[in-house]
Visitor: 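Pasting a structure here, questions to come.
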2 protein chains.
Amino acid sequence: MIKKESTMTISEWEIMRIVWTLGEVTSHQLIHIMSKKQLWTPSTIKTLLSRLQKKGFLIHNGAVRDRLYSPTISEHDATSQTLSQTVQMMCTKCVGPALVNVINETTLTKRDITKLISMLENKKITASTSIACNCMPKNQEDLSL
Amino acid sequence: MIKKESTMTISEWEIMRIVWTLGEVTSHQLIHIMSKKQLWTPSTIKTLLSRLQKKGFLIHNGAVRDRLYSPTISEHDATSQTLSQTVQMMCTKCVGPALVNVINETTLTKRDITKLISMLENKKITASTSIACNCMPKNQEDLSL
DNA sequence: CTTTTAAGTCTACAAATGTAAACTATAGAT
DNA sequence: ATCTATAGTTTACATTTGTAGACTTAAAAG
């Protein structure tokens, strides 16, 4: 079966961040936490919760009331996937510089940095000085019309 | 005046990639190119073109007909900005690993790699072993209810 | 046991997005 | 000068998203 590959919206992502942090949450907790932080009413939280379930990002223990909601995907995985998807729609030539920029403005742990450096040192060996732009399919570059 | 900070949608981004590549385009070219690549009709292309103008991402030379559309933002800038925005909605703790992942699966030029490494070497000096998670505002961690 | 509170479900509604047809007017063809 | 193809403009319509009220029902309070 084909994965429907539904994505989280910004608002849904906000909810998920709390769920990820707490592991298991009741709507009660969500409502309490989010109603302060955001300008969301309990209704809105409930709707978001429903949609996240429909999309398969949340499940709950069968309780009829005060059920515990939990994520079906880890925050790390979701983060990686989302970032990958974003990068994939971009021009291969622009991604490098953009990553330089992002990394520059991101706080990283020593561990991450070490990992990145070793990974990059490795890539450096086979890297070329330029990469092809994938902005337009090759065959359609005849614009003479 | 406050920047309206409108964002490009996926479809709009597709159009922009062609515009960025060509620098200046007529709708004619876009229609020709995109109708093959995507399953878009001329109408759809025109709509997207209109919206991109309304959002301020495209302008055109005043021609009444066969006008030339051009971008108001460079592809590099748009790419960087979009990536930054994406990263900003994510948990600071997850961004590092996600970046490791993305960089692993991304083709980079020697130049980019060198830049990244030197930047990282620098960051390494002041980096700590762990960073605070920004998933939930500190004050709202009392979930005792 | 009755009342109240609130969790979960349904319905609502505007704005944004994906997708495109209909209409208008003009540059180029005849 | 008239016709035709089509660039640009309007209108359209289903889905998704942001946001939330209304309704139902069970748990907690009294």
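In what follows, every chain begins at residue 1, and chains take the letters A, B, ... in the order their sequences are listed.
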Visitor: On the nucleotide C:dT17, are OP1 or OP2 found under 4.0 Å from the side-chain N or O atoms that B:Lys55 carries?
Guide: yes

Visitor: Rounded to whole angstrom units, what separation is found between the CE atom of B:Met89 and the P atom of D:dT17?
Guide: 12 Å

Visitor: Quickly work out the B:His32 NE2 to D:dT6 C1' distance and round it to whole Å.
Guide: 16 Å

Visitor: Is it the case that the side chains of A:Thr41 and A:Thr44 hold a donor-acceptor pair, with the cut-off being a distance below 3.5 Å and no angle test?
Guide: yes

Visitor: Within the structure shown, what part of the strands sits under 4.0 Å from B:Leu49 by heavy-atom distance: base, sugar-phosphate, or nothing?
Guide: nothing

Visitor: For A:Ile10 and D:dT16, give me the distance from atom CD1 to atom P, rounded to whole Å.
Guide: 17 Å

Visitor: Nearest-Å distance, CE (A:Met8) to P (D:dG18)?
Guide: 13 Å

Visitor: Starting at NE2 of A:His28 and ending at P of D:dA28, how long is that distance when rounded to a whole Å?
Guide: 12 Å

Visitor: From D:dT9, C:dA7, D:dA22, pick the nucleotide closest to the side chain of B:Lys46?
Guide: D:dT9

Visitor: Of the listed nucleotides (D:dT19, C:dT17, C:dT19), which one gets closest to any side-chain atom of A:Arg51?
Guide: D:dT19

Visitor: Please report, rounded to the nearest Å, how far the P atom of D:dT9 is from the CG atom of B:Leu48.
Guide: 15 Å

Visitor: Considering only D:dG21, D:dA7, D:dG18, which nucleotide approaches the side chain of A:Ser11 most closely?
Guide: D:dG18

Visitor: What integer distance in Å separates B:Leu52:CG from C:dT17:P?
Guide: 11 Å

Visitor: In whole angstrom, give the distance that lies between atom CD1 of A:Ile31 and atom C1' of C:dA6.
Guide: 8 Å

Visitor: Would you classify A:Thr44 as touching base, sugar-phosphate or nothing, given that sugar-phosphate means primed atoms plus P, OP1 and OP2, and contacts are heavy atoms under 4.0 Å?
Guide: base

Visitor: Please list, in numerical order, the residues of residues 62-69 of chain A that have a heavy atom closer than 4.0 Å to any atom of DNA chain C.
Guide: A:Val64, A:Arg65, A:Asp66, A:Arg67, A:Tyr69

Visitor: Any side chain to side chain donor-acceptor pair (under 3.5 Å) involving residues 83-109 of chain B? Give me the pairs, sequence neighbours left out, ordered by first then second residue.
Guide: A:Ser84-B:Glu105, A:Glu105-B:Ser84, B:Thr92-B:Asn134, B:Thr109-B:Asp112

Visitor: Below the 4.0 Å mark, does C:dG8 have OP1 or OP2 next to a side-chain nitrogen or oxygen of A:Ser27?
Guide: yes

Visitor: Same cluster for B:Ile10 and B:Ile73 if Ile/Leu/Val/Met/Phe/Trp/Tyr side chains link at under 4.5 Å?
Guide: yes

Visitor: Under a 4.5 Å side-chain heavy-atom rule over Ile, Leu, Val, Met, Phe, Trp and Tyr, are B:Leu108 and B:Val100 clustered together?
Guide: yes

Visitor: Linking I/L/V/M/F/W/Y whenever any side-chain heavy atoms sit under 4.5 Å apart, do A:Met16 and A:Ile59 land together?
Guide: no

Visitor: Would you kindly confirm whether B:Val102 and A:Ile131 end up in one hydrophobic cluster when ILVMFWY residues are joined by side chain heavy atoms under 4.5 Å apart?
Guide: no

Visitor: Need one value for B:Thr47: base, sugar-phosphate or nothing, where a base atom within 4.0 Å counts as base even if backbone is also close, heavy atoms only.
Guide: base

Visitor: If you group Ile, Leu, Val, Met, Phe, Trp and Tyr by side-chain heavy-atom gaps below 4.5 Å, do A:Val64 and A:Leu30 land in one group?
Guide: no

